[in-house]
Amino acid sequence: MIAGDIGPYAWFDALALAAHLRQAQNDFLREELQLLGYLACLLSLYDGRPTADWRYQFASTPSGAPFSPSLDAAFARLVEEGHLQQSAELECSITEAGADELSELRALRMLTSREPYLEAASSSCLVVTPGMIRRAISQDPDIRAAFDMNSRRLLLDDKGLSFAYESLGVFQSALGNASVDLLAPALVWVTYFCQQSELDVS
Amino acid sequence: MQIDTEALKQLVDEAVVPFVVQHHGTEGGSAFRRIAAALRKIYEQFDPFETGGSIVLLHGVASLESPESTELADITDVTKLKQAGFVLELTPSGKFRRWTEQPDLAEVSRHAVVYEFAEGVERIYAGGDSKEIPALFPGGGSIFAAPTFSELYEALIYYRNRLVRTSRCRILKDCWSDAGRLFFKAKPEKTMRRSLDQFLFSALRGNVEVKPEQNVDETHPIDIKVTFHQLGRVALIEIKWLGKSRKDDGSSASEHWDQRARDGAKQLADYLDANHEYTGGQTARGYLVVVDGRRRGLDGDLGGLQAPDLMHYVDQEIAYDPKYHELRTDFEVPLRMFAEPKQ
């Protein structure tokens with residue numbers, strides 16, 4: 001059952017990310033869900049969907065990572081209700097009950113239209129580590145500014161969104177038809193920003 | 001922030017997924033995902049560098065006609081095949097079929113996505129063409145076997161054993177002035193810092209921030225600062241190197257011996273104190289990493305050294321005085337990482 005105060009979108013996203021991550025790695029950490037949720041949100045922008053379609057927002061934390069209270073609350077409730085499980089080492093995975101819940105939710109078109117973005121974000125973990133995704137995301141100017149000033153700020157607001165559209169547009173031009181599979185922009189995006197961070201250290 | 005379109009174009013040219021999609025469409029993308037997921041399971045069983053032959057894993061698209069093959073009972077059975085290498089077909093139902101004959105991979109890839117690991121290089125074949133898979137992870141090895149760690153010390157031990165010992169790290173390789181790994185290039189510390197930074201941010205899991213050259217007070221930067229946000233912990237990593245370095249023209253640049261490691265320990269202890277004061281009591285732990293490229297009897301002549309000289313220092317630990325790691329609770333046991341010459 002979808003918890004009303006959390007909303008169906010974050011609830012669905014947490015379950016779908018967890019399900020797809022089962023293919024890519026054996027388990028996941030709570031904060032990795034945030035990284036991949038944000039990457040999925042960027043992929044939906046890349047695909048031309050308006051940011052309002054994502055239905056919940058991310059903020060940049062002082063630790064230099066994206067964070068959505070909705071997604072985190074959904075995670076906590078899913079664990080409470082036994083749809084996700086978390087070990088003593090904080091490693092998480094989807095349960096059978098969670099997989100059943102996800103199957104039911106997949107009947108709702110308003111939710112399944114999000115799944116290609118969630119799938120591509122999760123599948124990127126087949127090739128790059130969560131640490132690499134985190135490093136790539138941390139190159140975002142909004143996130144860097146929040147880290148440098150040790151503050152929180154809303155991501156993909158007017159200023160952040162204009163940068164996101166501009167940079168994603170450059171990626172669209174470079175990738176052309178390959179974008180038909182969203183794993184292509186996901187991996188190229190992560191690799192590009194990791195590579196840029198390597199140049200910063202040189 | 002401007003996107004470097006030239007660098008991006010090169011990345012797209014090298015990228016595997018666009019290549020597979022170009023030849024086999026979205027079906028190729030799905031086959032690639034299934035191959036990647038299977039490889040992660042296979043490489044949990046063994047390191048591909050341990051295999052004597054080549055490893056081939058393929059997944060059909062459209063109408064692949066499979067030749068004579070035998071089905072594996074379980075994916076763990078690949079460990080029995082690793083010595084000679086193998087060709088496996090991953091079927092749509094998730095079974096693994098071992099092909100008895102080595103096929104022409106380019107030809108098979110007209111109806112399949114084909115992965116190959118041979119002589120340390122990974123390739124993807126599709127549509128009769130092939131492409132080398134770029135090494136995204138600094139540690140070398142397969143991109144489908146990148147390790148992850150929750151504990152920093154475990155990660156550093158892996159870095160020592162798997163990346164530094166044989167200079168397998170693609171960044172660390174660039175520290176050496178010669179193919180035999182006898183002399184470092186002049187001022188190799190920047191490259192070493194970049195290598196460890198890239199490894200740690202890739203390999204550490206959780207809410208962890210890895211930052212190179214972070215000040216511990218107004219003026220003194222530590223080589224790498226690792227912040228475990230969830231745990232409220234910080235690790236300060238100082239890197240030192242031992243051995244000899246040469247300039248591009250072959251003339252001597254500098255050399256460092258045991259005292260350099262002891263100086264590094266003192267420096268790190270001072271940094272821990274400075275950090276404690278500067279941050280108002282932040283809990284930090286110090287890690288001294290010593291990349292050891294010492295060779296006995298090494299001078300300008302590269303030809304005269306024998307194996308015992310090359311490996312003379314392999315087990316020669318540094319005698320620290322004072323032993324900060326015994327005197328302080330915030331100082332981890334220093335990690336000497338012997339970088340072997342190429343013999």
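Chain letters run A, B, ... following the sequence lines, proteins first, then strands; residues in each count from 1.
Within residues 2-12 of chain B, the residues having any heavy atom closer than 4.5 Å to a heavy atom of chain A are B:Gln2, B:Ile3, B:Asp4, B:Thr5, B:Ala7, B:Leu8, B:Leu11, B:Val12, listed by residue number. Within residues 225-241 of chain B, the residues that have a heavy atom under 4.5 Å from a heavy atom of chain A are B:His229, B:Gln230, listed by number.
Contacts of B:Phe144 classified as ring pair (Phe, Tyr, Trp, His ring centres under 6.0 Å), with partners at least two apart in sequence or in another chain: B:Tyr115.
With respect to B:Glu209 and A:Arg134, a salt bridge is recorded, a charged nitrogen being found less than 4.0 Å from a carboxylate O.
In plain terms, the two heavy atoms of A:Thr129 and B:Ala146 that are nearest each other are CG2-CB, 3.7 Å. In plain terms, the two heavy atoms of B:Ser202 and A:Met132 that are nearest each other are OG-CG, 3.5 Å. Closest heavy-atom contact between A:Asp181 and B:Gly29: OD2-CA, 3.3 Å. Between B:Val210 and A:Arg135, the shortest heavy-atom contact is O-NH2, 2.9 Å.
Proximity to chain A (any heavy atom under 4.5 Å) is shown, for B:Phe19, by neither the backbone nor the side chain. When heavy atoms are compared at a cutoff of 4.5 Å, A:Ser123 approaches chain B solely by way of its side chain, counted from C-beta outward. Proximity to chain A is limited to the side chain of B:Ala15, based on heavy atoms less than 4.5 angstrom apart. Heavy atoms closer than 4.5 Å to chain A are found in the backbone of B:Val208, but not in its side chain. Looking at B:Glu14, there are no atoms closer than 4.5 Å to chain A (heavy atoms on both sides), in backbone or side chain. Only the side chain of A:Leu187 comes within contact range of chain B, judged by heavy atoms closer than 4.5 Å. Contacts between B:Leu200 and chain A at a heavy-atom distance below 4.5 Å are absent for every atom of the residue. If you measure heavy-atom distances from B:Arg40 to chain A, the contacts under 4.5 Å come from the side chain alone.
Other residues, nucleotides and ligands contribute over 12 non-hydrogen atoms within 6.0 Å of the CD atom of B:Glu189. Within a 6.0 Å sphere centred on CG of B:Asp248, other residues, nucleotides and ligands contribute 12 heavy atoms or fewer.
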Show the atom names and distances, to 0.1 Å, of all donor-acceptor pairs under 3.5 Å that link a side chain in residues 166-177 of chain A to residues at least two apart or in another chain.
residue  : atom : partner  : partner atom : Å
A:Ser167 : OG   : A:Phe163 : O            : 3.2
A:Ser167 : OG   : A:Ala164 : O            : 3.2
A:Gln172 : NE2  : A:Tyr46  : O            : 2.3
A:Ser173 : OG   : A:Gly169 : O            : 3.1

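Looking at A:Cys194 and B:Phe201, their side chains come closer than 4.5 Å, going by heavy atoms from C-beta outward. Using a 4.5 Å cut-off on side-chain heavy atoms (C-beta onward), A:Asp27 and B:Arg205 make contact.
For the set A:Leu183, A:Val180, A:Leu35, the entry with the most heavy-atom pairs within less than 4.5 Å of chain B is A:Leu183. When B:Gln22, B:Glu44, B:Arg33 are compared by the number of non-hydrogen pairs under 4.5 Å with chain A, B:Arg33 comes out ahead.
Of the listed residues (A:Gln34, A:Glu31, A:Arg30, A:Glu32), just one forms a side-chain contact (heavy atoms from CB on, under 4.5 Å) with B:Asn207, and that residue is A:Glu31.
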